[in-house]
Amino acid sequence: MSSVALNKTEPVAGIAPGTGRGPARPRRIALVPTLTLLLGALYCLLPVAWVVIASTKSGSELFSTFTFWPGTGLTENLSDLNAYRDGVYWQWMGNSALYAGLGALLSTCVSAVSGYALAVYRFRGRETLFNVLLAGVLMPPVILAVPQYLLLARAGLTDSYLSVLLPQILSPYGVYLARIYAAASVPSDVVEAGRMDGAGEWRIFTRVALPMMLPGLVTVFLFQFVAIWNNFLLPYIMLSDDEKFPITLGLYTLLEQGANTPALYTLVITGAFLAVFPLVALFLVIQRFWSLDLLSGAVKS
C-alpha cells in the first residue's frame with residue numbers, strides 16, 4: 001500500500017489537475033513591433049494630413065500660418081481650380097480615369113487569360129515563358145519607357161491616347177499574380193469535370209475558372225488602376241498636347257508654372273487633394289469582392 005501511495009503525485013499549486021498548464025497569463029503587447037507600425041503609419045499619413053490641411057489655405061495663409069492649422073480658403077481654391085483655363089483640371093481627371101480605368105480593365109483581361117493558361121495547360125516552353133515574365137517584373141519602368149516611345153513613334157502613335165494605353169495592357173506582375181491565383185483557386189478536377197461534361201475550353205474558363213479567380217483579378221485590377229493613375233514617366237515621354245495629359249502630368253505643369261506664379265501653388269495642392277478621392281472610392285467599392293469564397297464560382301456554376 002505504501003508503494004502505491006508513493007506513486008501518486010500531488011497536483012502542483014496553481015495548475016489544474018489533468019491539464020499540465022499553469023494559470024492563464026495576460027497577453028503581452030509586443031512593444032517594438034507596435035511602435036514600428038505606429039511610426040510607419042505616421043510616416044505615411046503625415047503628408048496626407050499636410051495636403052488636406054494645406055488645401056484649405058489661401059495663397060497668403062499657405063506660407064504665413066502654422067503648417068497644420070486649417071485655413072479659410074478651400075472654397076476659393078476650388079473655384080480657382082475650376083476656372084483655371086476653362087476647367088482643364090477636370091479634363092486631366094477625365095483623361096486619368098480613361099487611362100487608368102480602360103487600361104486596368106484590359107490589363108486584367110489579358111492577365112486573366114495568360115495566368116489561367118500558364119497555370120492549367122502543360123506545353124513546351126511554359127516555364128521559360130513564365131521566367132521571362134518574372135524578368136519583366138524586375139525590370140524598372142524607366143528602362144522600358146524609351147524603347148516603347150521609339151516603337152510607337154515608328155507606328156505614328158505618339159502624342160495620342162493609345163500611346164499611353166497600349167504599353168499598360170500587358171502587365172508582367174498582373175500575369176504573375178493571375179497565374180499564382182489560378183493555380184491555387186482552380187482545381188484540376190473541376191476543369192477535368194467540365195471537359196467530361198462536353199464543355200469547351202473557353203466555356204470552362206469563362207463559366208467555371210473566371211468566377212473562382214475573381215478575388216485575385218480584383219486585386220490585379222486595383223494594382224493596375226493605381227499604377228496607371230499615378231504613372232508620370234510614360235505620359236511625360238509620350239504626350240506633348242496638354243489636353244491629353246493625365247492628372248499627374250497636369251499638376252506637374254502647374255507646379256513648374258508656380259515657380260514664376262506662386263499663386264498656382266494652392267491650385268496644385270488642391271488638385272492633388274482632389275486626385276486622391278477616385279482611388280479611395282475605388283477601394284471602397286471593390287473591397288467586398290475580396291471576401292468571396294474561392295470556390296463560390298464552382299458552386300454557382
**Asked** Do the side chain of Asn95 and the main chain of Glu243 share a donor and acceptor less than 3.5 angstrom apart?
**Response** yes
**Prompt:** With no hydrogens and no angle check, is any side-chain donor or acceptor of Thr253 less than 3.5 Å from a backbone partner on Gly250?
**Reply:** yes
Other residues, nucleotides and ligands only: do more than 12 of their heavy atoms fall within 6.0 Å of [atom1] on [X]?
X: Tyr121; atom1: OH; value: yes
X: Phe205; atom1: CZ; value: yes
X: Arg203; atom1: CZ; value: no
X: Phe130; atom1: CZ; value: yes

Taking the side chain as every heavy atom from C-beta outward, state whether [X] and [Y] have any pair of such atoms under 4.5 Å apart.
X: Met93; Y: Pro278; result: yes
X: Leu249; Y: Pro246; result: yes
X: Lys244; Y: Gln91; result: no

**Asked** Taking only residues two or more places apart in sequence, or in another chain, which ones meet Leu177 in a side-chain contact (heavy atoms from CB on, under 4.5 Å)?
**Response** Tyr173, Val220, Phe223
Smallest separation among heavy atoms of [X] and [Y], with atom names:
X: Ser163; Y: Leu239; result: OG-CD2, 3.8 Å
X: Leu152; Y: Leu166; result: CD2-CD1, 4.3 Å
X: Pro215; Y: Tyr181; result: CB-OH, 3.3 Å
X: Ile247; Y: Ala275; result: CG1-CB, 4.1 Å

**Item:** Pair listing, ring pair (Phe, Tyr, Trp, His ring centres under 6.0 Å) test, anchored in residues 136-164, at least two apart
**Value:** Tyr99-Tyr161
**Request:** Spell out, yes or no, whether Val208 and Met196 are grouped together once hydrophobic residues are joined by side-chain heavy atoms under 4.5 Å, including indirect joins.
**Result:** no
**Request:** Check whether Leu42 and Leu37 end up in the same hydrophobic cluster, where Ile, Leu, Val, Met, Phe, Trp and Tyr are linked by side-chain heavy atoms less than 4.5 Å apart.
**Result:** no
**Prompt:** Tyr252 and Phe232: aromatic ring centres closer than 6.0 Å?
**Reply:** yes
**Item:** Short N-O contact, Glu201 and Arg207, less than 4.0 angstrom
**Value:** no
**Item:** Modelled atom types, side-chain donor and acceptor of Thr266 and Lys57, under 3.5 Å
**Value:** no
**Side-chain H-bond candidate by donor/acceptor type, Glu61 with Thr72, under 3.5 Å** = yes
